[in-house]
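Every heavy atom of this structure was used, including side-chain atoms; hydrogens, water molecules and symmetry mates were not.
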Amino acid sequence: MNKFTSVEEAFEWWLANIYQTLPADTKEGRYRNAWRDYTFKKGISQKRMKEILSDFGDIDEKTVITFKLR
């Protein structure tokens, strides 16, 4: 299990560790487009990142908000 502080961080890990190992025919289409959009800063939504990550494993996302009174 890997833990990340953001969806972007998890997606960067996926690009470096999973995407690079995919067979060429699997990289076609949506995965290559996502890699290109993220790498060349063309814009990729967190929703699309999560959809791609969920193709390869389970995602458990939690938000923690801390408020400290002054």
Side-chain angles (χ1 to χ4, degrees):
M1 175 170 37
N2 295 297
K3 292 186 178 187
F4 307 99
T5 58
S6 67
V7 174
E8 291 81 3
E9 184 181 341
F11 194 72
E12 286 178 15
W13 178 89
W14 178 83
L15 287 174
N17 295 283
I18 305 294
Y19 178 78
Q20 298 302 325
T21 65
L22 295 175
D25 60 331
T26 305
K27 287 183 180 180
E28 294 294 324
R30 68 187 288 228
Y31 301 133
R32 179 170 289 159
N33 290 339
W35 167 80
R36 192 176 296 136
D37 290 347
Y38 189 84
T39 302
F40 296 108
K41 311 240 186 280
K42 293 184 176 184
I44 179 171
S45 67
Q46 284 191 357
K47 179 182 176 186
R48 186 158 62 128
M49 288 183 212
K50 289 179 200 176
E51 288 172 353
I52 289 171
L53 290 170
S54 68
D55 287 348
F56 295 88
D58 296 325
I59 299 171
D60 182 25
E61 183 179 7
K62 297 176 184 173
T63 303
V64 176
I65 299 170
T66 304
F67 177 76
K68 184 177 179 183
L69 221 52
R70 291 184 229 135

In Å and rounded to the nearest 0.5 Å, what is the [atom1] to [atom2] distance from [X] to [Y]?
X	Y	atom1	atom2	result
Trp35	Ile44	CH2	CD1	12.5 Å
Glu8	Met49	CD	CE	4.5 Å
Ser6	Glu12	OG	CD	7.0 Å
Glu51	Ile59	CD	CD1	9.5 Å
Gln46	Arg48	CD	CZ	13.0 Å

Checklist entry - Do you know which two heavy atoms are closest between Ile52 and Ala34, and how far apart they sit? => result CD1-CB, 3.2 Å
Checklist outcome for this item: Scanning both residues in full, the closest heavy-atom pair of Leu22 with Lys27 reads O-CE, 3.4 Å
Item to check | Pairs meeting criterion side-chain hydrogen bond (donor to acceptor under 3.5 Å, both in side chains) with involvement of residues 16-25, two or more places apart | outcome: none
Next on the checklist: With side-chain hydrogen bond (donor to acceptor under 3.5 Å, both in side chains) as the rule and sequence neighbours excluded, what pairs involving residues 55-68 come up?
Outcome noted: Arg30-Asp55, Tyr31-Asp55, Lys50-Glu61
Checklist entry - Quick one: ring pair (Phe, Tyr, Trp, His ring centres under 6.0 Å) partners of Phe11, sequence neighbours excluded? => result Trp14, Tyr38
